[in-house]
Amino acid sequence: MARIVMKFGGTSMAGIERIRNVANRVKQEVEAGNQVAVVVSAMAGETDRLVNFCREASSLYDPREYDVVVASGEQVTSGLLAIVLQGMGVPARSWLGWQLPIHTNDAHASARIGTIDTDRLDAALASGEVAVIPGFQGVTDDNRVTTLGRGGSDTSAVAVAAAMKADRCDIYTDVDGVYTTDPRIVPRARKLGRVTYEEMLELASVGAKVLQTRSVGLAMKERVRVRVLSSFDDTRDDEGHRGTLIVGEDEIEESRMERQLITGIAHDKNEAKITLVSVPDRPGAVATIFSPLADANINVDMIVQNVALDGKSTDVTFTVPKAELARSLDVLEKSRPTIGHERVISDTAITKVSVVGVGMRSHAGVAAEMFKSLADRGINIQAITTSEIKVSVLISEEYTELAVRVLHSAYGLDAEEPAE
Ligand code: ADP
Ligand code: ASP
Ligand code: MG
């Protein structure tokens with residue numbers, strides 16, 4: 001007998017027919033003698049719909065009430081799955097975030113999970129009942145409903161798996177694993193049998209939305225065995241495995257690490273570029289820009305500071321999340337007397353494209369290859385950042401698909417046959 005968590009995303013839960021498909025998969029695991037907790041997303045499109053209602057109701061909505069509204073999508077699917085399971089003769093009940101409870105901090109709309117009480121969950125599982133847990137939601141110490149940020153059901157699933165010491169956490173989605181890049185953009189993307197926590201963390205953080213970044217960080221910290229697989233397709237690879245396993249680096253053979261320089265490519269259209277023109281070039285100037293942004297809890301990602309050709313002033317360019325652009329411009333305008341810049345230019349038609357791979361640690365020339373491949377296609381690079389296992393560039397949004405395809409080929413990642 002194993003203890004498992006099965007998580008189903010929005011596409012898998014979209015409508016009663018698909019919920020029946022999910023219930024059949026859950027039933028199979030129960031019949032195989034496993035104890036099963038299921039974490040579910042809202043139906044595809046539902047969270048967007050609920051977010052829009054909040055925006056329509058007021059542009060300055062109370063985040064605590066926003067959470068009450070957007071958490072409801074998962075309440076619906078958890079109840080529906082429990083009903084369908086019961087109809088199939090599988091004992092099941094739903095456990096809402098506040099019922100378990102899943103304790104979070106009070107950072108509404110992007111709350112972090114603290115602890116999960118497992119007493120009632122353990123008792124339910126021991127009695128042979130399937131526990132259906134709505135993802136994405138939790139509760140604060142003063143009993144307010146919270147949500148974990150978009151895509152947060154992955155994090156709920158990993159947190160539940162860690163708390164109940166599950167043998168594995170299966171993330172069922174609408175693709176059959178993690179690919180070398182988004183298979184919807186590059187049909188020749190290849191499925192990865194295994195990917196390390198570290199690589200997955202980088203890939204997710206630079207835009208591979210197949211897993212929420214925080215879920216990967218948590219899985220790495222708690223050593224949860226995560227597998228990504230399809231709700232719709234049972235194809236197995238040559239070794240009889242389904243999906244992609246997220247594993248420790250020690251579990252990937254030396255040979256593969258030696259061979260594979262780049263694991264994957266991701267892109268992110270959720271950033272906006274800001275340029276401050278003519279910032280006085282003196283010690284402390286950069287601090288006057290980024291301190292007020294940090295105080296406003298705005299995450300700055302890429303930064304480029306040009307040299308002051310006239311010895312007096314320089315331009316500073318950086319990126320912030322698109323959703324924070326208006327607030328960032330407001331903060332910068334208020335700080336203009338201390339920063340001393342001439343004017344601000346912003347641009348939302350940009351994309352960050354990143355290549356990720358642990359092989360980069362031991363190989364030079366990855367960045368140079370990237371710059372050359374993009375230059376050959378006439379794609380201009382507006383900013384660059386690197387980490388030990390990642391190189392990211394900022395380009396004009398119109399070249400996104402082209403850039404991803406070109407880099408995918410340049411690093412030899414294309415599969416021989418395009419996936420259907
Ligand atoms: P769910 O609703 O199941 O949580 P998501 O839409 O959040 O599903 O994530 C799955 C999607 O992630 C896929 O449909 C795919 O388009 C996208 N994706 C982006 N990058 C990758 C990648 N490297 N491998 C697989 N899927 C990816
Ligand atoms: N329903 C939430 C969202 O769309 C959480 C999730 O599906 O992971 O962001
Ligand atoms: Mg998701």
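Below, each value reflects all heavy atoms present in this structure, side chains not excepted, and no hydrogens, waters or symmetry copies. Just follow the structure's listing: the first ligand is 1, and inside any ligand the first atom is 1.
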A.B. asks: List ligand 1 atoms under 4.0 Å from D174, heavy atoms only on the residue side.
C.D. replies: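 The atoms of ligand 1 under 4.0 Å from a heavy atom of D174 are 10 (C), 11 (C), 13 (C), 14 (O).
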
A.B. asks: Using a 4.0 Å heavy-atom cut-off, which part of K7 comes near ligand 1: side chain, backbone, both, or neither?
C.D. replies: side chain

A.B. asks: May I ask you to identify the nearest protein heavy atom to atom 6 (C) of ligand 2, giving residue, atom name and distance to one decimal place in Å?
C.D. replies: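 The answer is S153 OG, 3.3 Å.
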
A.B. asks: Where is the nearest protein heavy atom to atom 4 (O) of ligand 2: which residue, which atom, and how far?
C.D. replies: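 The answer is R150 NH2, 2.9 Å.
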
A.B. asks: F290: what forms a ring-ring contact (aromatic ring centres under 6.0 Å, His included) with it, not counting sequence neighbours?
C.D. replies: F318

A.B. asks: Any nitrogen or oxygen of T173 lying under 3.5 Å from a nitrogen or oxygen in ligand 1? Just yes or no.
C.D. replies: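 The answer is yes, given that T173 and ligand 1 share an N or O pair closer than 3.5 Å.
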
A.B. asks: Where does E74 meet ligand 2, judged by heavy-atom distances below 4.0 Å: at the side chain, the backbone, both, or neither?
C.D. replies: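 It is the side chain that touches ligand 2; the backbone stays farther off.
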
A.B. asks: S215: what forms a side-chain contact (heavy atoms from CB on, under 4.5 Å) with it, not counting sequence neighbours?
C.D. replies: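 Listed in chain order: D154, T155, V158, L211, Q212.
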
A.B. asks: Tell me whether the count of non-hydrogen atoms from other residues, nucleotides or ligands lying under 6.0 Å of CG in D141 goes above 12.
C.D. replies: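 Counting neighbours around CG of D141, 12 or fewer heavy atoms of other residues, nucleotides or ligands fall under 6.0 Å, so no.
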
A.B. asks: Distance to 0.1 Å, residue and atom name: give those for the protein heavy atom nearest to atom 7 (O) of ligand 2.
C.D. replies: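 It is S41 OG, 2.9 Å.
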
A.B. asks: Just let me know how T181 lines up against ligand 1, side chain, backbone, both or neither, with a heavy-atom cut-off below 4.0 Å.
C.D. replies: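 Backbone only.
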
A.B. asks: Which ligand 1 atoms does A208 reach within 4.0 Å, using its non-hydrogen atoms?
C.D. replies: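 Near A208, the atoms of ligand 1 are 20 (N).
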
A.B. asks: Are any of the N or O atoms of K209 closer than 3.5 Å to those of ligand 1?
C.D. replies: yes

A.B. asks: Run the salt-bridge test on R242 and D234 with the 4.0 Å N-O cut-off and return the result as yes or no.
C.D. replies: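 Answer for the salt bridge query: yes.
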
A.B. asks: Using heavy atoms and a threshold below 4.0 Å, how should the contact between V175 and ligand 1 be classified: side chain, backbone, both, or neither?
C.D. replies: side chain

